[in-house]
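All chains are named by letter (A, B, ...) in the order of the sequence lines, taking the proteins before the strands, and each is independently numbered beginning at 1. Since the structure is predicted, the reported quantities are computational estimates derived from the model, not experimental observations.
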Protein chains: 2
Amino acid sequence: MPLTSITEIRKQEILKAFYQIAMSEGVENSSMAKIAKVLEVQPSLIVHYFKTKEDLVSALIDYCLERYFQIFEEEFSRPGTPSLKIKTLIERLFSKEWNDLFDDGVFYSSYSLVFRDDNIKSKFKILHEGLRKKLSLIIESYLEFNNEDISQADELSNQVFTLVDGSYYYINMLSSKKEQAFHLESAKKLAQTLLKIS
Amino acid sequence: MPLTSITEIRKQEILKAFYQIAMSEGVENSSMAKIAKVLEVQPSLIVHYFKTKEDLVSALIDYCLERYFQIFEEEFSRPGTPSLKIKTLIERLFSKEWNDLFDDGVFYSSYSLVFRDDNIKSKFKILHEGLRKKLSLIIESYLEFNNEDISQADELSNQVFTLVDGSYYYINMLSSKKEQAFHLESAKKLAQTLLKIS
DNA sequence: CAATTAATTGAACAATCATTCAATAAATAT
DNA sequence: ATATTTATTGAATGATTGTTCAATTAATTG
């Protein structure tokens, strides 16, 4: 979807600046004034494109979640046999580089809004359910390929993502890369065991 | 530790009001003025007890984490055979009531500060590592009791908490209690399998 | 080129923010 | 009972917040 209109380009610029500020100060401490300053523009111009701050936050989350989903999408749609696909996918899901594609500070800062905003809550829900469904399909074809019971695909997908979510939640508190890597490796192994990946 | 001094009681009152506001508006949208209003007191009185807002946030997180740890502590120190203890403990860890003992909105709102404040980060780290260590000890005595290999206790404890963290992260996006319960049940079963609980 | 629409400015708004300071009230110690 | 410390008030600070509105500049269209 090309952004032909100037309006859409400007909106994207604003969101990028918002994201940038949110990285260092958090979503809630970001403001229209700060965004305007970064873009060297009047605050009223921000309002011209996003009528309220709520609109701005909502758009940022859309922008974030879409990007998140897109990154996963690319990974999911790689070619190869089901066995190879699932193998590399798990490898990627539990790699720190993967996680670094998106700023965790902004992500959790947005996530914390889930408890006060039903609109945001449903957006997050859609993202996570979407990811689980995608993985489930891949697991399904993997199980089929190996002549195994397909019916457990949903549960396996869910378990894998529970491990992913739980792992990243925890490693953000660990200061050294070594500790983080160790923990990710441990969770990855469990996921591989569950999926019976050799 | 009894709060003899009036000062300590007042501080506790202030933190309780802070927690209350943070529940409905989030940690970052809370303010000294709002706390003062709830307590029907002048804003300057809040400053008298907590010199800066940073102090206030720091104290709230201490208060939260201590309470969190305390709840776990009670559970961990229950009497019974190792087998029974671990069984009921897992049962409790994956029950929604358990999680409801503390407000998730405040918790994740605080957690999101981890990415911008090293002091808060280390506090969260201490909490989570402490919990893992406690569970590890119980698993150890449970394995010993069953004449099994003790060396895997740390890893098992870690895996269980990864499942706990990942599960609660996810179910906060699910609207119906039924969905939440289903997901918790699924994660609990996996934990029980890992621990070989009959 | 003229007319119209869109982009942007700049000034202003009341509200809230964290924090300061001196004055007063209450509690505690001597 | 007096002195001293602590608790609390109340007024004020300058900064920042989200938002409004009219004026101006630039881009697009007829």
Is there a side-chain polar atom (N or O) of Arg10(B) under 4.0 Å from OP1 or OP2 of dT6(D)? no

So which pairs with a foot in residues 81-91 of chain B pass side chain to side chain donor-acceptor pair (under 3.5 Å), sequence neighbours left out? Glu91(B)-Lys188(B)

Here the distance between atom P of dT5(D) and atom CD1 of Ile6(B), to the nearest Å, is 17 Å

Salt-bridged, Asp103(A) to Arg67(A), with N to O below 4.0 Å? no

Can a salt bridge be assigned to the pair Glu28(B) and Arg116(B) using a cut-off of 4.0 Å between side-chain N and carboxylate O? yes

Could you list, one pair per line, each protein nitrogen or oxygen that sits under 3.5 Å from a nitrogen or oxygen of nucleotides 13-17 of chain C, together with the distance?
from, atom 1, to, atom 2, distance (Å)
dC17(C), OP1, Ser31(B), OG, 2.8
dC17(C), OP2, Ser31(B), OG, 3.4

Look at the side-chain N and O atoms of Thr7(A) and state whether any lies under 4.0 Å from the OP1 or OP2 oxygen of dA6(C). no

Any chance you could encode DNA chain C as dot-bracket? Rule is Watson-Crick or G-U wobble with both distances under 3.5 Å; [ ] for pairs crossing earlier ones, | for another strand. ||||||.|||||.|||..|||||.||||||

Pairs under 3.5 angstrom only: tabulate donor-acceptor contacts from the side chains of residues 36-43 of chain B to other protein residues two or more places apart or in another chain.
none

Give me the residues of residues 38-49 of chain A where at least one heavy atom lies under 4.0 Å from an atom of DNA chain D, by number, or none. Ser44(A), Val47(A)

Flag if over 12 foreign heavy atoms under 6.0 Å of NZ, Lys53(B): yes

Taking the side chain from Gln180(A) and the backbone from Leu174(A), do they hold a donor-acceptor pair closer than 3.5 Å? yes

Distance only, no hydrogens: is a donor on one side chain within 3.5 Å (strictly under) of an acceptor on the other, for Ser58(B) and Lys123(B)? yes

Hey, can you pull the residues of residues 13-27 of chain B with a non-hydrogen atom under 4.0 angstrom from DNA chain C? none

